[in-house]
Visitor: 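I'd like to ask some things about the structure below.
Below, chains carry the letters A, B, ... as their sequence lines are ordered, and counting in each starts from 1.
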Protein chains: 2
Amino acid sequence: MNADTPAGYERTVDWNGDDVLAIDQTLLPHDEVVLRLHDVEALAEAIRSLRIRGAMALGVAGGLGIALAVRRAQEQGEDVIGATQKAAATLLRTRPTAVNLARGIEHVLAALEGGADAAVEAAIMLIGTDVSTNRAIAEAGADFVSTVLFAARHSELVVLTHCNAGALASVDVGTALGIVGALHRRGRVLEAIACETRPLLQGARLTCFELARMDIPCSLVVDSAAAGLITRGDVDLVVVGADRIAANGDVANKVGTLSHALACQHAGVPFVVAAPETTIDAGCPSGADVPIEERSAEEVLEFAGARTAPGGVRARNPAFDVTPAALVTAIVTERRVIRPAAGERPGP
Amino acid sequence: MNADTPAGYERTVDWNGDDVLAIDQTLLPHDEVVLRLHDVEALAEAIRSLRIRGAMALGVAGGLGIALAVRRAQEQGEDVIGATQKAAATLLRTRPTAVNLARGIEHVLAALEGGADAAVEAAIMLIGTDVSTNRAIAEAGADFVSTVLFAARHSELVVLTHCNAGALASVDVGTALGIVGALHRRGRVLEAIACETRPLLQGARLTCFELARMDIPCSLVVDSAAAGLITRGDVDLVVVGADRIAANGDVANKVGTLSHALACQHAGVPFVVAAPETTIDAGCPSGADVPIEERSAEEVLEFAGARTAPGGVRARNPAFDVTPAALVTAIVTERRVIRPAAGERPGP
């Protein structure tokens, strides 16, 4: 247990000087198991299978993956540059939509110019940067919600979120859940509503777990119940994370996010995206340019190993969707609040 | 097996002269079990637990429930009027949102004025009426889609549906799936996309099962993937059933329907509702007046008996949502096509 992490558990992703340590998120909430990942292949498997997941956590994991490659190459007397290039290619193939993964990898590869040890140090520093970025987003988001969106209204808010953009999606307090936690500490949260997030139930398993640890009253709903709750006035605010934000403000996030944004627009409820600056992809003009990861059909056809659909049925399983900028009230980063629905662009 | 039912199985709800027969829909697609329900309590349990479900099937089941009460009262020398009043109260409490249940009950209660046998005959006639109504909706819907919505376009369509508004939701071919089946027979269906329909997976279990029996290519998706598919142009048409339609054209249907309608409006995709005239509730001015059934939290917190959320978490479980008339391209009944988005009202 690490007293610094508000939710009371170890850091989601960490470095012990030789290995990557990571909480196995597929086993939560029932079992808390810390994985010790000694090589890039083990790390890549952990990312592919979502043992490690979440935009910011993937950024740190990508950077630490290069550090792993450096250390293993040094031990075996192999070429460090070649090993890290190979590691980068392996890791980049695991999750195509999440831009932070590529950012973490590129950051540490660039540091290799200063030598192998400089690269490992740069990777380790990603952990600390993630912590400070998380906390800045949480406070900036809570400020924005309290003093801009709900300045005239002092009652407690019902806040709905999707998937998990909490401590488990990063190293520290998270992005969207960081804002919810900061609002809670200011006495502004009546209840958090967590959407279960099919097919892998990150909302039910991870977000409810984090909200319970923060003592925030929490209700779980199926994803498709959110629109009804939003349009009938049961939700004051929706806050989600992001996996990639295009230059025009379109937001790629976990599949299901778009439905919430459409309901918010219909009902006049603010829709806020919380993400670090590194999630904004200046090289990506719009959401149409974001590659959408298609995951295994089995995630949809089966549940906990039991088949729910009849044999022979196919499934489509896009892991993300794109919310157009016009539906996004605000993007809160560690440096600024961008208002895409009002025409502001996060990118050049 | 009944060769008359296109999907190849027994009638969903039937009468054997003494008992109600019903396919247990909670066991599909893995087991096909026909329940023999001998008294009103057994029927009410079957409705509450969704062994019998679907707007039109509930209408027939409600009427047959009164017939059951008549026959049991006669056998035991009890007062038929008192027994049927008690049966009506018991059955009406099972599912508050579905208006057809009340309609079926009221229809048979009214026939009691002609005597006990007349009431039983009226209940049995509901089965035949349901069959002819289903077929009329299917053909009218297919006509409307082919000659109005897609008159200028002769390619095959990708049709998305939610929950199960098929043969299993009625006695015969169903409402929304009846239209899909009729379009398929006309060579107009490229693919049907079934939303799984959390929490109880009627889409995965029942709609995929029916589509496979009709030899219609079918893809299963999680409910929250629909909005992304619709907005990126992968869906030509959405067709759903309804549990109650208000006089102004607002449509109460299985939770999740509203999200699809919002995505359709955003993308300019037609959103069509298929239902019999009996689903239109002239006494209900708007969707705000429809009682929304709240089902057990366990349906959300557990899956196949295994708990997915951490202990202590609450859940909200509204079984239905309301789609505003402005989002409804058309309501197809056995008698007419109403265009709520263009300002037409189904009710007085």
Visitor: Using a 4.5 Å cut-off on heavy atoms from C-beta on, say whether the side chain of Val290(B) contacts that of Cys284(B).
Guide: yes
Visitor: When only pairs under 4.5 Å are counted, which of Gly256(A), Ala288(A), Ala226(A) shares the most heavy-atom pairs with chain B?
Guide: Gly256(A)
Visitor: Using heavy-atom distances under 4.5 Å, tell me whether Leu201(A) contacts chain B through its side chain, its backbone, both, or neither.
Guide: side chain
Visitor: Name the region of Leu28(A), side chain, backbone, both or neither, that has any atom closer than 4.5 Å to a heavy atom of chain B.
Guide: neither
Visitor: Can you tell which part of Val322(B) gets under 4.5 Å to a heavy atom of chain A, answering side chain, backbone, both or neither?
Guide: neither
Visitor: Return the option, out of Gly312(A), Ser224(A), Ala319(A), with the maximum number of heavy-atom pairs under 4.5 Å with chain B.
Guide: Ser224(A)
Visitor: Below 4.5 Å from any heavy atom of chain B, which atoms of His30(A) appear? Answer side chain, backbone, both or neither.
Guide: side chain
Visitor: Could you tell me whether the side chain of Cys195(A) reaches within less than 4.5 Å of the side chain of His260(A), counting heavy atoms only?
Guide: yes
Visitor: Please say which of Arg205(B), Arg53(B), Gln25(B) ends up in a side chain to side chain donor-acceptor pair (under 3.5 Å) with Asn164(B).
Guide: Arg53(B)
Visitor: Given that the side chain runs from C-beta out, which part of Pro324(A) has a heavy atom under 4.5 Å from chain B: side chain, backbone, both or neither?
Guide: side chain
Visitor: Might you point out which heavy atoms bring Ala165(A) and Ala169(A) nearest each other, and give the distance in Å?
Guide: CA-CB, 3.9 Å
Visitor: Work out which heavy atom in Ala57(B) is nearest to a heavy atom in Thr12(B); give both atom names and the distance.
Guide: CB-CG2, 4.5 Å
Visitor: Does the pair Arg307(B) and Glu298(B) meet the rule for a salt bridge (charged side-chain N to carboxylate O under 4.0 Å, His left out), with working shown?
Guide: CA-CA 9 Å; Arg307(B) 193 156 185 104; Glu298(B) 299 309 308; 3.7 Å; yes
Visitor: Tell me, side chain or backbone of Ala263(A) under 4.5 Å from chain B's heavy atoms, or both, or neither?
Guide: both
Visitor: Below 4.5 Å from any heavy atom of chain B, which atoms of Pro199(A) appear? Answer side chain, backbone, both or neither.
Guide: both
Visitor: In terms of heavy-atom pairs under 4.5 Å with chain A, which of Thr257(B), Ile230(B), Asp223(B), Val221(B) leads?
Guide: Val221(B)
Visitor: Measuring heavy-atom distances to chain B, does Thr231(A) have an atom under 4.5 Å in its side chain, in its backbone, in both, or in neither?
Guide: side chain
Visitor: Against chain A, label Ala225(B) side chain, backbone, both or neither, depending on which of its atoms sit under 4.5 Å from a heavy atom there.
Guide: both
Visitor: Between Arg48(B) and Glu293(B) (salt bridge meaning N to carboxylate O under 4.0 Å), is one present in this structure?
Guide: no
Visitor: What I want to find out is whether Asp321(A) reaches Lys254(A) closely enough, with some N-O distance under 4.0 Å, to be called a salt bridge.
Guide: no
Visitor: Can you tell which part of Asn317(B) gets under 4.5 Å to a heavy atom of chain A, answering side chain, backbone, both or neither?
Guide: neither
Visitor: Quick check: do Leu301(B) and Leu220(A) have side-chain heavy atoms less than 4.5 Å from each other?
Guide: yes
Visitor: Could you tell me whether the side chain of Thr207(A) reaches within less than 4.5 Å of the side chain of Leu177(A), counting heavy atoms only?
Guide: yes
Visitor: For each of Val313(B), Leu327(B), Thr323(B), tally heavy-atom pairs with chain A at distances under 4.5 Å, and name the one with the top tally.
Guide: Val313(B)
Visitor: In terms of heavy-atom proximity below 4.5 Å to chain A, should Ile193(B) be classed as side chain, backbone, both, or neither?
Guide: side chain
Visitor: Select, from Gly228(B), Pro29(B), Ala309(B), the one with the greatest count of heavy-atom pairs under 4.5 Å involving chain A.
Guide: Pro29(B)
Visitor: Relative to chain B, which segment of Leu211(A) carries a heavy atom at a distance below 4.5 Å: side chain, backbone, both, or neither?
Guide: neither
Visitor: So, Thr308(A) and Glu196(B): side-chain donor and acceptor under 3.5 Å apart, yes or no?
Guide: no
